[in-house]
Peer 1: 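Can you keep this structure in mind? I'll have questions shortly.
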There are 2 protein chains.
Amino acid sequence: MATRSSGLSGLEGGRQVGRLAPVRRASTVDLIAERLREAVVDGSLPPGTVLGEAELAYQLGVSRGPLREAMQRLTAEGLLVIPRRRGLAVRTMTADDVRDVHWLRAQIEPELGRRILTLPAPERRTVLAELGAEVKRMQRALKKDDARALGDAYLDFHRVLAVWGGSMRLARMLGTLLIETRLCTFSMFEHFEVHRDLVPEHVAFVEALAADDGERFAALVRVHLEAEVRRLLAEPEGPGKGEADRLLAETPDEPQPLDRLDLPEGL
Amino acid sequence: MATRSSGLSGLEGGRQVGRLAPVRRASTVDLIAERLREAVVDGSLPPGTVLGEAELAYQLGVSRGPLREAMQRLTAEGLLVIPRRRGLAVRTMTADDVRDVHWLRAQIEPELGRRILTLPAPERRTVLAELGAEVKRMQRALKKDDARALGDAYLDFHRVLAVWGGSMRLARMLGTLLIETRLCTFSMFEHFEVHRDLVPEHVAFVEALAADDGERFAALVRVHLEAEVRRLLAEPEGPGKGEADRLLAETPDEPQPLDRLDLPEGL
DNA sequence: TATTGTAAGTTTGTCGACAATCTGATTATC
DNA sequence: GATAATCAGATTGTCGACAAACTTACAATA
């Protein structure tokens, strides 16, 4: 039939001869796993949900075999638990989990920021543009009081950090951590909340990166994550709050309003 | 038959009434996954090995169903790859993987050291004892020129760090990273090598922790991991080598020979 | 009345089988 | 002689089925 990907003989003429990205077909297990992740993230499978394999397999239009394989993968990611003889259950995050997830993110994300700042200028500009686009999404969502959209843009903002951070493994880990973050929200609250502080905080993130100030970015991220833990655990504003206000009030080294980042409107 | 675990009614009299640890039975999938991990770590399944499902299932004494589920879990951990219609293959680490794994460890392990130093004194002493025991294992292995035993003790040393580091997630991640480290060795060399620098380096790790010097521990770990990358990639000794020698020669703040840590001989 | 023993029903865990797909080699053709 | 087409073999991906195990409800007993 078609020539194999290794050859491409006789097709010289276009550019990038011989360097096609290998075609990657997703297996059924991949598809099921991805669908389950989506369901966990968008809340259609809240934490604690217990599901029977047969019923779920029927809904997904597959048989129990591939579904069970996908379950194992989600279990390894920490999103599902498989109680013996009880099907599967969406993991419920405890207070300890909330602290652990956010502490871990506080270790990872500042480092990602530092790595992004070492990127060559054109790529760095791309990252800033993507981050700016997500911030704009957050702003639009906030204007509409759409907590769901705000949360989604939040996740995507941090996913951008993960993707550009440079480490395959770290990107995967942070990707899972972000889903777990969403699980934390669902585990602690009944419904989404519109969280107004989120937007200025993320504007400050982008500004710090645009100003090439990795340490300020790191500090802002840490403060944000500590605040998130307090909010999720409904703890009174601790000593960190004053620190947050100070950092946000402080003029960054090189003031640069978000408009000057000329974000691509299309995204 | 037996009373359910939630009740335990009528058995007051012993101590710790009503607080038994839940019994944890491993599922078949758990068993298979663990067996496969062992095989990867001990080298009976070298990187690049391709296996047929039927043959492997027969060897393990299970049917293909549970085996395929375990495969998915190992895939999520990054130890296996599943080429389409080609069974399973043990992941082969590239030079980029070597750098990535060690870079990531360099981010994680110093932090674990810091956390261990914040532990209450009795637990901290336990950690130091366990670490010291692993170092002794390393010394014995080196004396016998047993590269395999040396490598195993090395892994267990760092596993101790992971377990006591305080974060469930981080422990799991580092556990996987350590297996990947072993895969790096197998991917780069044909056989184990006796690596003499390993023991003094780890003695220094323990000494730094015993001296309550988290920053020195962090620096030593980073230097060690950078050296490992160079060794694995067979690069000439870079600018970091001088730094390593300087750190190892330098007298720690509070000199404390390993003997004074009174290690439990039993381990 | 509280607790234990019993039994039915449901769901999982595991296995065997079938078909689609891919690989590798062989043959035919330019 | 090299390339393309064909074909047989083997293996995976998926499904259906069976038996074991667990849960829940109910009844019996102290």
Side-chain angles (χ1 to χ4, degrees), chain A residues 1-12 18 22-36 45 48-76 80-90, chain B residues 1-13 17-18 22-36 45 48-76 80-90:
Chain A
M1 308 206 179
T3 46
R4 295 290 311 289
S5 60
S6 56
L8 268 192
S9 45
L11 276 180
E12 275 92 281
V23 64
R24 196 174 299 289
R25 278 167 300 183
S27 69
T28 307
V29 178
D30 287 321
L31 265 26
I32 299 175
E34 189 51 38
R35 183 63 60 93
L36 287 177
L45 258 49
T49 312
V50 292
L51 295 163
E53 293 178 358
E55 167 67 14
L56 186 55
Y58 174 76
Q59 284 184 23
L60 292 169
V62 296
S63 99
R64 284 175 51 219
L67 171 61
R68 286 176 62 90
E69 293 178 32
M71 282 163 52
Q72 291 296 333
R73 217 189 290 181
L74 279 276
T75 299
L80 251 49
V81 291
I82 306 186
R84 282 181 70 90
R85 303 242 169 215
R86 313 220 99 195
L88 60 150
V90 180
Chain B
M1 304 215 175
T3 47
R4 296 287 312 290
S5 61
S6 56
L8 270 189
S9 46
L11 277 179
E12 275 92 281
V17 177
V23 64
R24 197 174 300 289
R25 278 167 299 184
S27 68
T28 307
V29 178
D30 286 320
L31 265 27
I32 299 174
E34 189 51 38
R35 183 65 60 91
L36 287 177
L45 258 50
T49 312
V50 291
L51 296 163
E53 294 178 357
E55 168 67 14
L56 186 55
Y58 175 77
Q59 283 184 22
L60 292 169
V62 296
S63 105
R64 284 175 50 217
L67 170 62
R68 285 176 63 91
E69 293 179 31
M71 282 163 53
Q72 290 296 332
R73 218 190 290 183
L74 280 276
T75 300
L80 250 48
V81 290
I82 306 187
R84 284 181 68 91
R85 303 240 168 216
R86 312 220 98 194
L88 59 150
V90 180

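Both backbone and side-chain heavy atoms feed into the values below; hydrogens, waters and symmetry mates do not. Residue numbers begin at 1 in each chain, while the letters A, B, ... track the order of the sequences.
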Peer 1: Are side-chain heavy atoms of A:Leu31 and A:Arg35 found at a separation under 4.5 Å?
Peer 2: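 In short, these two side chains do not touch, never coming nearer than 4.5 Å.
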
Peer 1: So, do B:Ile32 and B:Met71 sit near enough that their side-chain heavy atoms are less than 4.5 Å apart?
Peer 2: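 No, every pair of side-chain atoms sits at 4.5 Å or beyond.
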
Peer 1: Is the closest side-chain heavy-atom distance between A:Leu56 and A:Leu88 below 4.5 Å?
Peer 2: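 Contact flag for A:Leu56/A:Leu88 side chains = yes.
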
Peer 1: Measure the shortest side-chain to side-chain distance between A:Ile82 and A:Gln72 over non-hydrogen atoms and say whether it is less than 4.5 angstrom.
Peer 2: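 In contact.
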
Peer 1: Please indicate whether B:Arg84 has more than 12 foreign heavy atoms, meaning atoms of other residues, nucleotides or ligands, lying under 6.0 Å from its CZ.
Peer 2: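 Atom CZ in B:Arg84 is packed in, count exceeds 12.
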
Peer 1: Set out, line by line, the N/O atom pairs under 3.5 Å between protein and nucleotides 11-18 of chain C.
Peer 2:
| residue | atom | partner | partner atom | Å |
| --- | --- | --- | --- | --- |
| C:dT12 | OP1 | A:Glu53 | N | 2.9 |
| C:dT12 | O2 | A:Arg85 | NH1 | 2.9 |
| C:dG13 | OP1 | A:Arg85 | N | 3.4 |
| C:dG13 | OP2 | A:Arg68 | NH1 | 2.7 |
| C:dG13 | OP2 | A:Arg68 | NH2 | 3.3 |
| C:dG13 | N7 | A:Arg64 | NH2 | 2.8 |
| C:dG13 | O6 | A:Arg64 | NH1 | 3.3 |
| C:dT14 | OP1 | B:Thr28 | OG1 | 2.0 |
| C:dC15 | OP2 | B:Ser63 | N | 2.7 |
| C:dC15 | OP2 | B:Ser63 | OG | 3.0 |

